[in-house]
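What follows is a single structure, written as structure tokens, with notes after it.
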Amino acid sequence: MWNENKVRISDIAEELGVSTATVSNVLHGKTQKISDATVKKVEKKLEERGYIPNMAATLLARNNSRIIGVIVNDHVKYEGHTLEDPFVSASLNHLADEIAKKNYFFMIKKVNNINEIISFSSMWNMDGMIVIGFCEEDFQNLRDHIRIPFVLYDGYMTGQERISNVKIDDVDGGRQVGRYLKKQGHNKVLCISDNYIYMDLDRYNGLCEGLKREVDRMVIPMKIDERIDFYEKNLKKIMKYTAIFAVSDYYALDLMAFLSRKGIYVPKDISVVGFDGSLSALRSIPKLTTVDQNNPLRAKMAMDLLAKMIKNPGYFEEKVVPVNLLEGDSVICLE
């Protein structure tokens, strides 16, 4: 278990040759009168020594804070717009509702390093956490270093211990897309994604199952400028297919906008299907055919599970949320 008291402020100050007041001010964000170099030096030493101030001891003077922290991976693919992403924003919206229904306070934190979660959870003495968007190899380390229960909201696991996860049926979502495209007469189908591991691989495998054939796939860049350039260079190849399955609505809508600028129209010239059931997809023109993740149900299942874990320490469970294909106007029937 993490021992937050093994290092004192005075220890840090002595090692750096600064006053305890300087270290304390850096910890509490009072750095107006401290040079940038000194601030960085103190922060680096605090991180090296694993010092975590238990702010909850002074700010939250009771055993149960009634705070649920929602931690979001501030991944590079969001390009500084993490909370604006359709999937992330929809998830936060419904989680906020479910957290409030159980009379807890909602606190959100963006991090790009899972170790930041350890510090954050200690500082605020949270009752529980919901973690969105990290990789499998990070979860066990997190479980081993924090005492509070947490639920993965968008996690992919194989053989992890003592970890709860609320996942969607990614394989079935892809399968439903494959069956639908096959029914519409599409045999030349391309799958696009920024990777083919974890959930994206499951969606691709489901697509192949539904079509009853192996499908070509294309790895696209995460950054939008690079992605547009990639589409420009590969446009002729893309147009050899009759339908594109993008593993997220974001990439599907992004591709549709690019094609429109090139004078290529969906679905007349090519069909497009997404995955997420985002509000942006439902309001797009043409309306995007997509796989609905049922965010209201997913949020409820996540919070119900976390509440059970708070009441029964040591409990863990994995839940699977069913998905449903929403037919829009972005796919044309070829038969």
Side-chain angles (χ1 to χ4, degrees), residues 1-76 80 82-83 104-152 155 160-164 306 309-310 313-314 316:
M1 187 64 66
W2 191 274
N3 183 356
E4 64 193 15
N5 295 315
K6 65 181 180 181
V7 181
R8 300 171 300 173
I9 288 179
S10 58
D11 297 328
I12 301 296
E14 183 176 353
E15 287 185 35
L16 294 176
V18 299
S19 68
T20 55
T22 295
V23 177
S24 179
N25 285 334
V26 170
L27 280 168
H28 293 87
K30 300 176 181 179
T31 58
Q32 296 88 341
K33 297 182 179 180
I34 306 174
S35 71
D36 290 340
T38 299
V39 171
K40 290 179 181 178
K41 184 169 65 173
V42 173
E43 289 177 340
K44 182 179 180 181
K45 180 59 66 175
L46 288 167
E47 183 177 356
E48 288 176 355
R49 295 298 305 275
Y51 180 87
I52 303 173
N54 189 3
M55 295 173 66
T58 55
L59 299 178
L60 302 167
R62 60 184 185 182
N63 292 330
N64 299 316
S65 66
R66 304 301 299 178
I67 293 175
I68 299 298
V70 179
I71 319 298
V72 183
N73 185 0
D74 193 15
H75 197 280
V76 63
T82 302
L83 301 186
Y104 283 92
F105 299 104
F106 172 83
M107 180 180 286
I108 184 171
K109 174 74 171 176
K110 293 191 301 180
V111 301
N112 51 35
N113 184 329
I114 200 164
N115 290 324
E116 295 178 55
I117 300 177
I118 299 169
S119 303
F120 183 64
S121 65
S122 176
M123 288 170 66
W124 289 99
N125 192 29
M126 292 179 289
D127 286 359
M129 294 190 305
I130 295 173
V131 180
I132 301 176
F134 283 90
C135 298
E136 179 181 14
E137 54 267 24
D138 298 318
F139 302 145
Q140 199 64 58
N141 179 58
L142 184 60
R143 175 69 284 159
D144 291 341
H145 284 88
I146 64 173
R147 62 175 178 76
I148 65 173
F150 67 87
V151 171
L152 305 178
Q160 298 282 354
E161 298 180 356
R162 300 181 294 121
I163 296 177
S164 290
L306 186 58
M309 294 171 67
I310 292 171
F316 63 95

Using the side-chain contact (heavy atoms from CB on, under 4.5 Å) rule, take L306 and Y104 through it: C-alpha gap first, then chi angles, then the decisive distance, then the call.
-> CA-CA 12 Å; L306 186 58; Y104 283 92; over 6 Å; no

Starting from the C-alpha separation in whole Å, work towards a yes-or-no answer on side-chain contact (heavy atoms from CB on, under 4.5 Å) for R66 and D127.
-> CA-CA 6 Å; R66 304 301 299 178; D127 286 359; 4.2 Å; yes

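Residues that satisfy the side-chain hydrogen bond (donor to acceptor under 3.5 Å, both in side chains) test with S10, not counting sequence neighbours, are absent from this structure.
Of the candidates T20, V39, I34, I34 is the only one forming a side-chain contact (heavy atoms from CB on, under 4.5 Å) with N25. When the options I71, I68, L83 are evaluated for a side-chain contact (heavy atoms from CB on, under 4.5 Å) with I108, the one that passes is L83.
In this structure, the separation between NZ on K40 and NZ on K44 is 11.5 Å, given to the nearest 0.5 Å. Atom CZ of residue R8 and atom CD of residue E14 lie 8.5 Å apart, to the nearest 0.5 angstrom. Note that NZ of K109 is 10.0 Å distant from CG of D74, once rounded to the nearest 0.5 Å. L142 CG to I163 CD1: the interatomic distance, rounded to the nearest 0.5 Å, is 7.5 Å.
Annotation: side chain of I132 is not in contact with side chain of N73 (no heavy-atom distance under 4.5 Å). Side-chain contact between F105 and I67: present, with at least one pair of heavy atoms (C-beta onward) separated by less than 4.5 Å.
For the pair F150 and M309, the tightest heavy-atom approach, listed with the atom from each and the gap, is O-CE, 3.5 Å. Contact record, I148 with M126: CG2-O, 3.2 Å, taken as the closest heavy-atom pair.
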